[in-house]
Amino acid sequence: MASRARAGCADLYVTEINISGTRTQRHKAADLRWVAGVAKLGKAKWMKLHREISVKIVHGHTVHNTRYLNILVKGLGKTKAPVGGLLGEDDHTAAATPDKGCNKRVTL
């Protein structure tokens, strides 16, 4: 899930990540989920999801303490399986469209 740091035209940050499907079975979970600001103890590590695919989720925050998640993925191009979700093949129009009134205009 992506959400704005503040109301209006603020920057958009990834605040929740859910990975589900057959690739998560090796982790004995129906899905894997991360929420910004709810860090697991220890340093972020690469997690192997499949022979070719590894993922690492890193918690971050801005100078104004806005919590977000960085998503790092290795080997995705080596698989032939489709990838869905906001960062995959699903429609991201809603997340990429600024709220009404956020269009920046310059009058010369």
Side-chain angles (χ1 to χ4, degrees):
M1 173 179 11
S3 56
R4 300 218 180 267
R6 295 173 297 282
C9 305
D11 292 333
L12 192 63
Y13 294 93
V14 174
T15 55
E16 290 184 37
I17 298 168
N18 183 55
I19 300 174
S20 59
T22 58
R23 305 290 187 234
T24 62
Q25 291 175 353
R26 86 178 345 206
H27 297 282
K28 299 179 179 127
D31 64 343
L32 302 171
R33 185 169 185 253
W34 292 263
V35 178
V38 183
K40 296 178 179 167
L41 296 176
K43 186 178 175 183
K45 296 179 183 176
W46 285 101
M47 179 185 313
K48 196 165 201 89
L49 295 181
H50 193 258
R51 284 186 294 277
E52 306 93 0
I53 305 169
S54 296
V55 64
K56 180 164 70 167
I57 309 298
V58 180
H59 292 258
H61 62 86
T62 67
V63 294
H64 299 291
N65 209 29
T66 299
R67 307 270 180 197
Y68 63 90
L69 299 169
N70 278 327
I71 309 154
L72 298 103
V73 181
K74 292 193 289 190
L76 203 53
K78 295 178 183 176
T79 183
K80 295 181 181 171
V83 177
L86 181 62
L87 301 176
E89 295 178 346
D90 291 359
D91 184 15
H92 63 279
T93 304
T97 303
D99 292 342
K100 291 180 181 179
C102 288
N103 294 335
K104 296 180 181 177
R105 298 179 186 180
V106 177
T107 304
L108 301 176

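Contact of the V35 side chain with the T15 side chain is not registered, since no non-hydrogen atoms from C-beta on lie closer than 4.5 Å. Looking at heavy atoms from C-beta onward, E16 lies out of side-chain contact with N18 at the 4.5 angstrom threshold.
In terms of heavy-atom proximity, A44 sits nearest to K56 at O-CD, 3.7 Å. Nearest heavy atom pair, residue T62 against residue Y68, reads N-CE2, 3.9 Å. Of all the heavy atoms in W34 and H59, the pair that sits closest is CD1-NE2, 4.4 Å.
For the atom pair W46 CH2 and I53 CD1, the distance stands at 12.0 Å (nearest 0.5 Å). In this structure, CZ on R33 lies 11.0 Å from CD1 on I17, to the nearest 0.5 angstrom.
M47 and L72 end up in different hydrophobic clusters when Ile, Leu, Val, Met, Phe, Trp and Tyr side chains are linked at under 4.5 Å.
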